[in-house]
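Sequence lines set the chain letters: A, B, ... in the order given, protein chains first and strands last, and positions in each chain run from 1.
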There are 2 protein chains.
Amino acid sequence: MATLKDVAKLAGVSVSTASYSINGSNLITEETKSKVLHAAKEIGYRPNGLAKNLKEQKTNIIGLFLSGFTGPFFNDMMEGIQDVVMKMGYEMVVCASVDKHRLLVERYVDGAIILNYHMDDELLGSLASEKLPIVVLDRNFKNPFIKNILLPNQLGSALSVRHLIEKGHTRIGYIAGSEESYDGESRLKGFLSELQNHGVAFLDTDLIRADFTELSGYLEMSRFLNRQNNDLPSAMVCANDEMAMGTARAIQETGLQIPGDIALVGFDDIYVSKYFTPSLSTIEVPRKQWGTLAATTLFKMLDGQLDFEPEPLTVKLKVRNSS
Amino acid sequence: MATLKDVAKLAGVSVSTASYSINGSNLITEETKSKVLHAAKEIGYRPNGLAKNLKEQKTNIIGLFLSGFTGPFFNDMMEGIQDVVMKMGYEMVVCASVDKHRLLVERYVDGAIILNYHMDDELLGSLASEKLPIVVLDRNFKNPFIKNILLPNQLGSALSVRHLIEKGHTRIGYIAGSEESYDGESRLKGFLSELQNHGVAFLDTDLIRADFTELSGYLEMSRFLNRQNNDLPSAMVCANDEMAMGTARAIQETGLQIPGDIALVGFDDIYVSKYFTPSLSTIEVPRKQWGTLAATTLFKMLDGQLDFEPEPLTVKLKVRNSS
DNA sequence: AAATATGTTGTAAACGATTTCATTAAAATT
DNA sequence: AATTTTAATGAAATCGTTTACAACATATTT
C-alpha cells in the first residue's frame with residue numbers, strides 16, 4: 001500500500017512537504033502542491049488513519065455501544081446520533097460488544113454513548129475522562145465525565161395509570177421486564193407510586209415478571225390467566241409494547257376481549273403498535289431525539305463543558321383501541 | 001494516559017519485556033511477568049489500539065457500511081454478521097456513511113460489507129484488495145476481491161406471481177420502488193418475466209412507481225385508483241412490504257376489500273407484516289442468514305480463499321390473509 | 001575448566017503519519 | 001554589495017506499540 005513516503009519520492013520532495021501539500025497548507029507553492037497531488041493520485045495514495053490518529057492522539061470517532069442489534073428500538077436513535085455526529089465532522093461507529101469492548105478500551109473512540117448492560121459501572125468509571133467523555137442511556141451513574149440521558153419512565157407509567165383510572169379501572173395488573181433493567185424497574189416504580197397517589201390498591205399477585213420479549217409476555221400472561229382462573233384485573237400495564245403484544249395474544253386465546261374484558265397499555269410506541277389488532281395504547285418515547293440529545297451532550301463534554309444538566313426528555317400517552 | 005513505557009519504568013524492565021509480558025509470551029519468567037502485570041494494573045494501563053494496529057498492519061475490525069439506519073430491515077442482518085465476526089475474534093463496526101467513508105478509505109477495517117448506494121462501484125473497486133476484501137449486498141459487481149451476496153429477488157417475485165395465478169388472477173398490477181435500487185429492479189424483472197412464462201399479459205398502465213416507503217405506496221396507489229376509475233387489476237404485487245401497507249391503506253380508503261376486490265402480496269416479510277390487518281402475504285427473506293453468509297464469505301476471503309462462489313440464499317412465499 | 005547450549009532481558013528499528021525547527025534560496029532593504 | 005527579511009522546503013523527533021536481534025547470565029556438556 002502506498003504511503004506518504006512513496007508519494008514524496010515520486011514527487012521528488014520530502015515527506016513533510018508531501019504531508020503539508022496533501023493537507024492543503026499554504027506554506028507550499030501551488031506548483032509543488034500540484035506535483036504532490038498528482039503523484040498521490042497516480043499511485044493511489046490513501047492516508048493511513050491509524051498513523052494519523054496515533055500522531056494526533058485523536059480519532060474523531062464516536063462510538064455507540066449496544067448490547068445487541070435486535071429490538072425495534074434502536075434504529076431511530078442511531079439516526080439521531082448519526083445526524084449530530086456527522087454534522088460535527090466526526091464518524092460514528094456502532095458496536096455490539098459483550099466482553100472486551102475493545103474499541104472503547106483501546107481508545108479507538110473520542111467519546112462514547114452507552115446502552116449496554118454488559119458494561120458495568122466500574123468499567124465505565126475507570127474509562128471516562130476529560131479526553132474520553134461518556135454518555136449513558138441505561139442507568140443512573142454520576143461521574144464528572146459521565147452524563148446520563150434517561151427517559152422519564154416513571155412519568156410514562158404514571159400517564160398510563162392515570163388514563164386507566166380515568167376510564168374507571170380499579171384493579172390494574174402489571175407485566176414487568178427483567179429486574180436488571182434500569183428502565184424496566186423505573187417503569188414499575190412509576191406505576192406503583194401513581195397507583196398509590198390515586199389511592200388504588202395493588203395486589204402483589206397481579207405483578208407478572210417477563211423479560212421484555214413478545215414470547216415471554218405471552219407465556220407469562222397465559223400462566224397468569226390459568227392461575228387466576230377468573231379473578232382478573234380489568235386492565236394491564238406492560239413495561240414495553242412487545243410484551244403487551246404477547247399479553248394480548250394470550251388474552252385473546254382465552255376468548256376474552258380487549259379492551260372489553262381487559263384493557264392494555266404498553267410502553268415505547270414501537271412501529272408495529274399502531275398496526276396491531278387492536279391497535280395498542282402506549283407511551284410514545286422520542287427515540288430520535290434521545291439520540292440527538294445524547295450526541296449533543298457528548299459533544300458539549302468534548303468541548304470541555306462538563307458542568308451542565310442535559311435538558312429532560314418527554315413522553316406522551318397515545319390512546320388507541322386497546323384501552 | 002499511561003503507556004507501555006510507563007509500565008516498564010515502574011516495573012523496572014525494558015519496554016520490550018513489558019510488551020512480551022503483557023502479551024503473555026513464554027520468553028519471560030513468571031516473576032518478571034507478574035511484576036509487569038502488577039505495574040500495569042497499578043497505573044491503569046490500557047493498550048493503544050491505534051499504535052498496535054499500525055505496527056501490526058491489521059485492525060481485526062470488520063466494517064458494515066450502510067446508507068442509514070432506518071428501515072425495519074437491518075437489525076437481523078447486523079445480528080447475523082455480528083455473530084460470525086465475534087466468533088472469529090474480530091470486532092464489527094456499523095457505519096452509516098454518506099460521503100467520505102473514512103473508516104473504509106483510511107484503513108480502519110480489515111474487511112467490509114457494503115449495503116450503501118452512496119458508495120459507487122469505482123470507489124469499491126479501487127479499495128478492494130487482497131488485504132481488504134469486500135462483500136457487497138446491494139449490487140452485482142464482479143471483482144477478484146469483491147463478492148456479491150444477493151437475494152434471489154427474481155425467484156421471489158416469481159413465487160408471488162405463481163401464487164396469484166393459481167388463485168385465478170389474470171390481471172396483476174405492480175408497485176415498484178425507485179429505479180436505482182438493484183433489488184427493486186430485479187424484483188420487477190422477475191415479476192414481468194414470470195407473467196410472461198405463464199402467458200399472462202401485463203398492462204403497462206398497471207405499473208406504479210413509488211419509492212419503497214409506506215407513504216409513497218399510499219400516495220401512488222391513491223392516484224392510481226383515481227386514474228383508473230373502476231378498471232382495476234384483481235391483484236397487486238409490491239416490491240416491498242412497506243409499500244404494500246401503504247397500498248392497502250389506499251385501497252381500503254376507497255371502500256374496496258382486500259383480498260376480495262384486490263389481493264396483495266408484498267416482499268421482505270418485515271416484522272409488522274403478520275400483525276397488519278389484513279395480515280400480509282409476502283416473500284420471506286432470510287435476513288439473519290444473509291448477514292452470516294456475508295460475514296463467512298468475507299472471512300474466507302480474508303483467509304486468502306478468493307476463488308469460490310458463496311452458496312445462494314433462498315426465499316419463501318408466506319401466504320396470509322391479503323391474498 | 002573451557003566450551004557450548006539455554007534462557008532471559010534489553011536495544012533499536014520499524015509502522016505511517018504530523019509538526020517543530022533548521023536550512024536554504026530568493027526578495028527586499030539598507 | 002552587504003545585510004536583513006521572507007518564503008519554501010527538508011531533517012528529524014514524535015505518537016505507542018511489536019519484534020528481530022544482540023547481549024548477557026546461567027546451566028549443561030565436554
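- For A:T32, no side-chain nitrogen or oxygen approaches OP1 or OP2 of D:dA8 to under 4.0 Å.
- Residues A:M301 and A:P133 approach most closely at CB-CB, 3.6 Å, considering heavy atoms.
- Side-chain proximity of A:N48 to the nucleotides C:dT18, D:dA8, C:dA17 is greatest for C:dA17.
- Proximity of a side-chain donor or acceptor of A:Q82 to a complementary backbone N or O of B:A96 within less than 3.5 Å is detected.
- The CG-P distance, from B:L50 to C:dT18, rounds to 14 Å in whole Å.
- Remark: B:Q57 is in phosphate contact with C:dG16, judged by side-chain N or O atoms under 4.0 Å from OP1 or OP2.
- Checking C:dT18, D:dT17, D:dC21 against the side-chain heavy atoms of B:Y20 singles out D:dC21 as nearest.
- With D:dT19, C:dT9, C:dG16 as the candidates, the nucleotide lying closest to the side chain of B:I28 is C:dT9.
- Separating the CG atom of A:L54 from the C1' atom of D:dT17 is a distance of 8 Å, rounded to the nearest angstrom.
- The side chain of B:N23 lies closest to D:dT18 when the candidates are D:dT18, D:dT17, C:dT9.
- Per the geometry, CG belonging to A:L27 stands 14 Å off P belonging to C:dC21, to the nearest Å.
- For B:E56 and D:dG16, the CD to P distance is 17 Å, given to the nearest whole Å.
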Ring pair (Phe, Tyr, Trp, His ring centres under 6.0 Å) assessment of B:F299 paired with B:Y90: CA-CA 10 Å; B:F299 279 109; B:Y90 277 60; 4.9 Å; yes

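- Here C:dT8 presents its C1' atom at 11 Å from NZ of B:K35, a figure rounded to the nearest Å.
- Out of D:dT18, C:dA17, D:dG16, the shortest distance to the side chain of A:Y45 is found at C:dA17.
- The separation between A:K33 atom NZ and D:dA7 atom P is 14 Å, rounded to whole Å.
- Contacts between residues 1-17 of chain B and DNA chain D, counted as heavy-atom distances below 4.0 Å, involve B:T3, B:L4, B:V15, B:S16.
- In this structure, A:T29 reaches the sugar-phosphate backbone alone: every heavy-atom distance under 4.0 Å involves primed, P, OP1 or OP2 atoms, never a base.
- B:I22 has its CD1 atom 15 Å from the C1' atom of D:dT19, to the nearest Å.
- Look at A:D76 and A:R287 and you find a salt bridge, because one of the NZ, NE, NH1 or NH2 atoms lies within 4.0 Å of a carboxylate O, short of that distance.
- Under the 3.5 Å distance criterion, the side-chain polar atoms of B:R102 are left unmatched by any main-chain donor or acceptor of A:G49.
- Between the side chain of A:K55 and the base of D:dT14, a donor-acceptor pair under 3.5 Å is found.
- Evaluated for a side-chain contact (heavy atoms from CB on, under 4.5 Å) with A:M78, the options A:I113, A:D83, A:V94 yield exactly one hit, A:V94.
- What separates NZ of B:K58 from P of D:dT18 is a distance of 15 Å, to the nearest Å.
- A side-chain donor-acceptor contact under 3.5 Å links A:N48 to the backbone of A:L50.
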